[in-house]
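The block underneath contains the structure these notes are about, expressed in structure tokens.
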Amino acid sequence: MRVLVVEDDAGIAVGLGANLRQQGWAVDCVDSVAQAWSALCAEPFDVVLLDLGLRDGDGGEVLRRLRQNTGSRLPAPATPVLIMTARDQVASRIAGLDMGADDYVTKPFDMAELAARMRALRRRAEGRAQPLLRHGPLAIDPAARSVTLDGVPVELSGREFGVLLALLEVSPRVLSRQQIEAKLYSWDSVLGSNAVEVHVHHLRKKLGENTIRTMRGVGYFMAIKDTP
Ligand code: CA
């Protein structure tokens with residue numbers, strides 16, 4: 001899952017980035033309205049964390065432009081946005097929510113709470129109420145980052161978990177290798193040309209050869225569930 005952190009306080013941005021990476025997010029940090037807009041035009045993000053007071057202007061401007069975007073594919077106008085404000089900025093929070101923000105936290109915020117709010121935003125974006133994802137004999141808990149197969153825990157690496165989650169969230173749609181890469185890797189990641197293939201290979205070994213199917217020349221998708 002990929003998150004864009006828009007924050008001009010370097011201390012907060014670094015701490016936030018490190019914490020989110022530890023939780024398995026691919027994180028990109030920018031510190032201005034201009035950079036945030038370029039990033040959103042370049043890549044699909046699963047969540048945006050948006051500071052409102054940025055060095056070149058109001059973070060709300062990013063939100064306004066994002067929600068008003070029509071036509072071109074990127075930036076995706078429905079991208080979930082969580083605003084980060086100071087405790088006394090009640091008016092900005094109200095304005096942000098009315099401008100299309102999905103949620104907010106006040107600084108200083110608790111990382112565990114922020115993480116839970118981000119998971120809730122993802123669920124809502126996918127139209128899913130259940131915190132657990134199920135697919136046939138597979139059960140995936142995005143909060144605990146754990147997977148069971150027929151009730152038995154399966155050890156996955158962070159990237160393997162990321163590939164599985166990405167495919168499950170769009171199932172039964174197909175994701176191309178490039179789309180999976182975009183969800184897994186931030187700009188500064190070093191990426192082998194066959195990284196996704198390797199993760200899929202390992203996932204098939206651990207979860208069953210037919211769990212993830214290949215649509216030749218297009219990408220990967222979750223096999224149709226066996227159970228009703
Ligand atoms: Ca700021």
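Each ligand, and each atom within it, is numbered from 1 in the order the structure gives. FYI, the numbering just counts along the sequence from 1.
None of the N, O or S atoms belonging to Gly59 lies under 3.0 Å away from the Ca ion (ligand 1).
Checked against Arg55 for a side-chain hydrogen bond (donor to acceptor under 3.5 Å, both in side chains), the options Asp8, Asp9, Asp31 give a single hit: Asp31.
With salt bridges taken as basic N to acidic carboxylate O contacts below 4.0 Å, none links Asp58 and Arg64.
By the neighbour-count criterion of 12 heavy atoms within 6.0 Å, atom CZ of Arg173 is sparsely surrounded, having that number or fewer from other residues, nucleotides or ligands.
Atom OD2 is the N, O or S atom of Asp51 at the shortest distance from the Ca ion (ligand 1). The Ca ion (ligand 1) is closest to atom OD1 of Asp8 (considering only N, O or S atoms).
Within the 4.5 Å cutoff, side-chain heavy atoms of Met84 are placed close to those of Leu49.
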